[in-house]
Amino acid sequence: MTSTVHRTMGQQSGRRSWAEPWKIKMVEPIKMIDRAGREAAMREAGYNTFLLRSEDVYIDLLTDSGTSAMSDRQWAGLMLGDEAYAGSRNFYRLEAAVQQYYGYKYVVPTHQGRGAEHLISQALIKAGDTVPGNMYFTTTRLHQELAGGTFVDVIIDEAHDPHNEHPFKGNIDLDKLEALIKQVGADRIPYISLAGTVNMAGGQPVSMANVKALRELCDRFGIRIYLDATRMVENAFFIQEREVGYADKPVAAILKEFCSYTDGAWMSAKKDSLVNIGGWLAMNHDDLFEKARNLVVIYEGLHTYGGMAGRDMEALAIGIEESVQDDYIRARIGQVRYLGELLTDWGIPIVQPVGGHAIFLDAKEIYAHISQDRFPAQTLAAQLYLDSGIRAMERGVVSAGRDPKTGEHRYPKLELVRLTIPRRVYTQAHMDVVAEAVKAVYDERQRVKGLDMVYEPAYLRFFQARFEPIS
Ligand code: F0G
């Protein structure tokens with residue numbers, strides 16, 4: 001599959017390549033429709049890649065969420081589904097896997113990540129509360145706001161600079177956090193919303209030193225820490241690679257140590273855990289468990305399935321175990337990095353260092369002539385599809401939405417297009433095709449003028465908004 005030398009992860013001399021620790025057993029045909037077809041499809045989709053039909057997409061880098069290829073063991077696990085309404089044996093397998101690999105005491109299953117975000121937000125946030133975190137995520141922040149909270153970003157400044165090479169750009173700025181705690185009062189902070197890795201910053205990790213120091217600070221003020229563990233296995237890999245003292249520790253041990261400094265976690269299992277659907281909320285404290293176990297039956301399903309089928313929970317339990325294998329995670333991040341290095345070599349501005357799950361193109365720099373209210377990243381994602389049928393995602397002003405108080409656009413410093421790599425799905429040849437397409441769009445950048453937004457839904461507008469090209 002992977003034939004050429006990988007420049008940072010393989011050996012430098014004598015051409016010794018690395019390759020994925022798996023081979024392909026089943027394939028799904030894909031095709032590129034012609035230019036006229038792509039133009040028609042993009043128009044029909046209102047220049048929003050979320051509104052394209054998958055059939056019209058050649059290489060789909062919209063998201064790494066629910067798009068992984070499952071292993072033969074996971075497919076075999078689907079046949080072992082115990083579809084009992086209550087007490088399915090697959091739930092106990094899932095619970096044991098979360099306890100073993102993430103280390104939390106209690107597990108409440110949910111249909112996906114935002115189901116768990118809903119439960120924790122409703123259980124812990126009161127009107128007027130402040131929720132500090134390391135950069136917002138779209139659904140996470142919305143659930144915090146809907147529960148009456150205000151999210152405040154306390155990530156380090158380096159995270160907002162796509163050129164800054166800080167190895168742990170996901171870190172919390174502890175001075176910013178302490179000042180915020182003193183300003184609003186510890187009793188108005190229900191928990192710290194800590195994500196590893198940080199999606200909107202470019203898939204950037206949090207260091208072990210940072211979470212340890214965060215724990216000490218929070219203990220001083222009696223504040224809990226809850227982790228968005230969606231891509232925490234990838235975060236653990238970066239700790240192994242970059243942080244002193246962790247080079248010889250398995251990713252599984254690093255993951256568990258990191259989680260031990262937090263009080264619980266929510267999870268979109270559709271990412272790290274190599275399944276197409278699923279999630280959970282886990283915690284060590286009885287009070288949150290009691291509340292979440294009660295809320296889950298209102299919104300998701302009984303507390304032993306939470307919106308998943310028994311077979312989904314079995315595939316997830318197996319996926320958790322596969323996701324923490326060192327050779328797997330090295331190959332996963334190696335593929336993302338391969339694409340990043342090609343683009344970097346060609347001078348295309350991307351967020352550095354390359355993160356865990358995606359390459360983030362710097363649309364602000366690529367389309368320096370397009371102002372942010374003409375949606376440079378939305379425009380770039382549309383151009384990439386028009387060029388070559390590749391689907392990417394806007395992560396800029398459209399994703400940031402409007403300030404609930406002022407109603408104005410929130411203008412994030414980062415105006416990015418995410419090329420998100422599904423796990424175990426595409427080959428190195430696909431990555432070459434993607435890099436060449438990005439280069440072609442980059443070379444044509446001066447011809448493009450931006451978009452007008454012609455339809456805007458009330459919540460999470462990036463999913464359904466419609467646009468028209470400015471002529
Ligand atoms: N937290 C993070 C960091 C995420 O990236 C996502 C989803 C969620 C929570 C919500 O989980 O989708 O299972 O409800 N991110 C997807 C993405 C949608 O494409 O980045 P969900």
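For this chain, numbers begin at 1 and follow the sequence in order. As a basis for the values below, the full set of heavy atoms in this structure was taken, side chains included, without hydrogen atoms, waters or symmetry mates. Order of listing sets the numbers, starting from 1, for every ligand and every atom in it.
- Among the atoms of Gly113, some N or O lies under 3.5 angstrom from an N or O of ligand 1.
- Surrounding CD of Gln99 are more than 12 heavy atoms belonging to other residues, nucleotides or ligands, all under 6.0 Å away.
- Residue-ligand proximity, Met393 to ligand 1, at heavy-atom distances under 4.0 Å covers atoms 19 (O).
- Of the protein's non-hydrogen atoms, the one nearest atom 8 (C) of ligand 1 is Phe137 CE2, 3.5 Å.
- Side-chain contact between Asn164 and Lys169 is present, with at least one heavy-atom pair separated by less than 4.5 Å.
- Taking only non-hydrogen atoms, the option from Arg114, His111, Glu117 nearest to atom 12 (O) of ligand 1 is Arg114.
- With a 4.0 Å heavy-atom cut-off, ligand 1 is reached by no atom of Met200.
- The ligand atoms of ligand 1 that sit less than 4.0 angstrom from a heavy atom of Thr230 are 1 (N), 2 (C), 9 (C).
- Ligand 1 places these atoms under 4.0 Å from at least one heavy atom of Thr63: 17 (C), 19 (O).
- Listed by number with element, the atoms of ligand 1 under 4.0 angstrom from any heavy atom of Lys270 are 13 (O).
- Closest protein heavy atom to atom 13 (O) of ligand 1: Ser268 OG, 2.6 Å.
- In this structure, the side chain of Gln464 does not engage the main chain of Pro457 through any donor-acceptor pair within 3.5 Å.
- What sits closest to atom 20 (O) of ligand 1 on the protein, heavy atoms only, is Arg418 NH1, 2.8 Å.
- The main-chain N or O of Gly307 is never found under 3.5 Å from a side-chain atom of Glu300 such that the two would form a donor-acceptor pair.
- Heavy-atom contacts of Arg231 reach the following atoms of ligand 1: 3 (C), 4 (C), 5 (O), 17 (C), 20 (O) (cutoff under 4.0 Å).
- Ranking protein heavy atoms by distance to atom 1 (N) of ligand 1, first place goes to Asp228 OD2, 2.6 Å.
- Comparing heavy-atom distances from atom 10 (C) of ligand 1 across Thr420, Thr139, Ile277, Thr140 singles out Thr139 as nearest.
- Nearest-heavy-atom check against atom 18 (C) of ligand 1 across Lys271, His143, Met232, Met267 picks out Lys271.
- For atom 21 (P) of ligand 1, the nearest non-hydrogen atom of the protein is Gln112 NE2, 3.3 Å.
- Looking only at side-chain heavy atoms (C-beta outward), Leu274 and Arg424 come within less than 4.5 Å of each other.
- Between Tyr226 atom OH and Tyr104 atom OH the span is 10.0 Å, to the nearest 0.5 Å.
- Counting only distance, with no hydrogens or angles, the side chain of Arg461 and the backbone of Val398 share a donor-acceptor pair below 3.5 Å.
- Val275 is not listed as a side-chain neighbour of Asp312, based on a closest heavy-atom distance of 4.5 Å or more.
- The residue from Arg114, Gln112, Glu117, Gln144 that alone fulfils the side-chain hydrogen bond (donor to acceptor under 3.5 Å, both in side chains) condition with Thr139 is Glu117.
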Exercise. Where do Arg93 and Glu321 land on the salt bridge (charged side-chain N to carboxylate O under 4.0 Å, His left out) test, with the steps shown first?
Worked result: CA-CA 11 Å; Arg93 290 256 299 124; Glu321 186 196 315; 5.7 Å; no
